[in-house]
Amino acid sequence: MPRRRGYARQILSRSVERLRSAGVERVLVTCDETNTASASVIEQCGGVLEDVRENGDGPPKRRYWIDADPREGH
């Protein structure tokens, strides 16, 4: 699959929009700590890093929150 075409950003943005329509105010999105491409996409979509947590059977996970409701100030 070709890279750097913005598909991941579009998919995440549209997913957050759908969740907003369903009444969700905040969305938790995770990625492997070493996955800088995914971390960048999440941050471009408004993700704020909460922390990095150990994962017993895999690499540590970066945990991001995205405000789905722009009126909320989390």
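Position 1 is the first residue of the sequence; numbering continues from there. This structure is a prediction, so every number in the text was calculated from the model and none was measured.
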For [X], all residues meeting side chain to side chain donor-acceptor pair (under 3.5 Å), sequence neighbours excluded:
X     : result
Ser38 : Asn35
Glu33 : none
Ser40 : Gln44

## Note on the structure
Closest non-hydrogen contact found for Ile66 with Gly47 is CG1-CA, 3.6 Å

### Task
Locate the shortest heavy-atom distance separating Ala68 from Val27; write the atom from each residue and the value.
CB-CG2, 4.1 Å

### Query
Remaining members of Leu28's ILVMFWY cluster at a side-chain heavy-atom cut-off under 4.5 Å?
Trp65

Just how far is it from atom [atom1] of [X] to atom [atom2] of [Y], taken to the nearest 0.5 Å?
X     : Y     : atom1 : atom2 : answer
Leu19 : Arg26 : CG    : CZ    : 13.5 Å
Arg63 : Leu49 : CZ    : CG    : 10.0 Å
Cys45 : Gln10 : SG    : CD    : 10.0 Å

### Task
Report the residues that fulfil side chain to side chain contact (heavy atoms under 4.5 Å, CB included) with Ile11, sequence neighbours left out, ordered by chain and then residue number.
Ser15

### Task
Scan side-chain atoms only and decide if Tyr64 and Glu50 contain a donor-acceptor pair under the 3.5 Å cut-off.
no

### Message
What I want to find out is whether Asp32 reaches Lys61 closely enough, with some N-O distance under 4.0 Å, to be called a salt bridge.
### Response
yes

### Query
Under a 4.5 Å cut-off applied to non-hydrogen side-chain atoms, are Val52 and Pro60 in contact?
yes

#### Entry: pair Val16-Arg18: side-chain heavy atoms closer than 4.5 Å
no

#### Entry: Sequence-distant partners of Arg9, salt bridge (Lys or Arg N to Asp or Glu O under 4.0 Å), two or more places apart
none

